[in-house]
**Student:** 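One structure, as structure tokens, below. Some questions next.
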Amino acid sequence: MAHLFNRNVVLGVCGGIAAYKAAFLVRELQARGADVRVIMTRGAEAFITPLTLQALSTHPVHRDLLDEEAERGMGHIELARWADLLLIAPATADCLARLAAGRADDLLTTVALATAAPVLVAPAMNQQMWADAATAANMATLEARGIHRVGPADGDQACGEVGTGRMSEPAAIAERAAGLFEHGALAGLRVVITAGPTREALDPVRYLSNHSSGKMGFALAAACADAGARTTLVSGPVTLETPPHVARTDVESAREMLEASLALLPACDIFIACAAVADYRPEHAADDKIKKSEERLSLTLVRNPDIVATVAAADPRPFTVGFAAETRDLLAYARGKLERKGLDLVVANDVSAEGIGFNSDDNAVTLLWAGGEAPLPRSGKGSLARLIVQHIAERYSASRAGL
Ligand code: PMT
């Protein structure tokens, strides 16, 4: 099954008997990972209720061009911008004619004009209407403009006739929709990324932590989502916005980060540990704020669980990528971590150099794996993340091919 991970689909439903299949189509699109919002024409409401499509899509159904409510929230321009795909199913003969004429007198045709996203139509009508020269000319006009088509199919029609005009089956439409997208290097894979620092409580108001901002991990998440992966961030406390199409679980401590990561493992093909996890935590977190009554205060610290090593030792295990933040002997220490923690790939990060590493916009790393290495020179964390993700995709494919 082709996928639509990270894709926003606006489904336009027109008034024809096949409109009832829109309910199944919403499900098929969602099963491929799409987020679906529905536009209904007035005619469609005669065949299926907005409530049905609202319940299935889990979003309000959009019906009016000049709807004050909608204009304040998701107006036609916002809807047009939100879409990665405008799919019109069923597309009636009237709808094809109005699209071909460039009309903008209802919400659906207006969104069709206003969107830069690809448009896919699934025509459905009486076989004679489909064969009519006017419909054929309208469809040819639309296809010449780059609008995609799926169907119509042959067979028995609701009107009792037999011929070409039935709307394609929802699964076939969803497959065609998914096939329109160029799939990235991580298409269809599920990636979990730890990011940011952890906080280890000393008392209710104090904690041990570090200077990780989360920027590197969040940039990796954005790059993985762009590469087609279903991406989840397990993030320590940071002040960053979640990248588009990325799910996020927030945690505080190393133990919480471990628990959240393990919960995601059953649906994880690639695990990337970018978080700066505190290696130690106070043995006891005081219930009340520690008073400064003593001249000296001793803390006993105990080791935290090693999250990435735990993941790498799981059975079955995902392809596991760790970072190594070092201030000296970078490559030697990093290769040690690759072997000791049982990783597939390690990203060696020199955090002693000015302007890279913790809480900076730039970074420079060397990727190490059994039998190879690749230095990636200093650049912004966004572009570096895209390069790292390319390498991860290559190493992942090689590992699956047993190379
Ligand atoms: O967040 P930024 O400000 O953008 O900074 C990015 C970064 C410098 C934090 C990032 O690029 C980085 O180097 N992350 C790893 C930091 C680190 O803690 O490295 P480490 O060498 O101590 O740990 C080795 C690996 O084990 C890491 O993948 C780490 O996530 C993991 N680990 C460590 C300890 C632990 N208890 N559990 C772990 O999973």
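Numbers here are sequence positions counted from 1. None of the values given here were measured: they were computed from a predicted structure. When a ligand or atom number is given, it counts from 1 through the structure's own listing order.
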**Student:** Need the ligand 1 atom indices (1-based, order shown) with element for anything under 4.0 Å from a heavy-atom of Met216.
**Tutor:** 4 (O), 6 (C), 11 (O)
**Student:** Looking only at protein heavy atoms, which one is nearest to atom 39 (O) of ligand 1, and what is the separation?
**Tutor:** Val308 N, 2.9 Å
**Student:** Consider ligand 1: state whether an atom of it lies below 4.0 angstrom from any non-hydrogen atom of Lys341.
**Tutor:** yes
**Student:** Could you tell me the residue and atom name of the protein heavy atom closest to atom 27 (C) of ligand 1, and the distance to it rounded to 0.1 Å?
**Tutor:** Phe323 O, 3.1 Å
**Student:** Indicate whether the side chain of Asp106 and that of Thr109 have a donor and an acceptor atom separated by less than 3.5 Å.
**Tutor:** yes
**Student:** Show me which atoms of ligand 1 lie under 4.0 Å from any heavy atom of Lys381.
**Tutor:** 2 (P), 3 (O), 4 (O), 5 (O)
**Student:** Counting each atom of ligand 1 from 1 as listed, which ones have a heavy atom of Asn359 under 4.0 Å away?
**Tutor:** 2 (P), 3 (O)
**Student:** Would you call the rings of Tyr20 and Phe24 parallel, tilted or perpendicular, taking 30° and 60° as the class edges?
**Tutor:** perpendicular
**Student:** Using heavy-atom distances only, which candidate in Ala325, Gly236, Ala195 approaches atom 19 (O) of ligand 1 most closely?
**Tutor:** Ala325
**Student:** In the protein, what heavy atom is nearest to atom 2 (P) of ligand 1, and what distance, to one decimal place, separates them?
**Tutor:** Ser213 OG, 3.4 Å
**Student:** Tell me which part of Val347 gets within contact of ligand 1: side chain, backbone, both or neither, using heavy atoms under 4.0 Å.
**Tutor:** neither
**Student:** What residue and atom, counting heavy atoms only, is the protein's closest point to atom 36 (N) of ligand 1, and at what distance?
**Tutor:** Pro305 O, 2.9 Å
**Student:** Tell me the nearest of Gly322, Ala275, Ala278 to atom 29 (C) of ligand 1, using heavy-atom distances.
**Tutor:** Ala275
**Student:** Can you tell me if Gly196 has a non-hydrogen atom under 4.0 Å from ligand 1?
**Tutor:** no
**Student:** Of all the atoms in ligand 1, which lie at a distance below 4.0 Å from a heavy atom belonging to Lys215?
**Tutor:** 1 (O), 2 (P), 4 (O)
**Student:** Mind checking whether Gly214 has an N or O less than 3.5 Å away from an N or O of ligand 1?
**Tutor:** yes
**Student:** Any idea which atoms of ligand 1 are less than 4.0 Å away from a heavy-atom of Asn363?
**Tutor:** 11 (O)
**Student:** So which protein heavy atom does atom 5 (O) of ligand 1 come closest to, and at what separation?
**Tutor:** Gly357 O, 3.5 Å
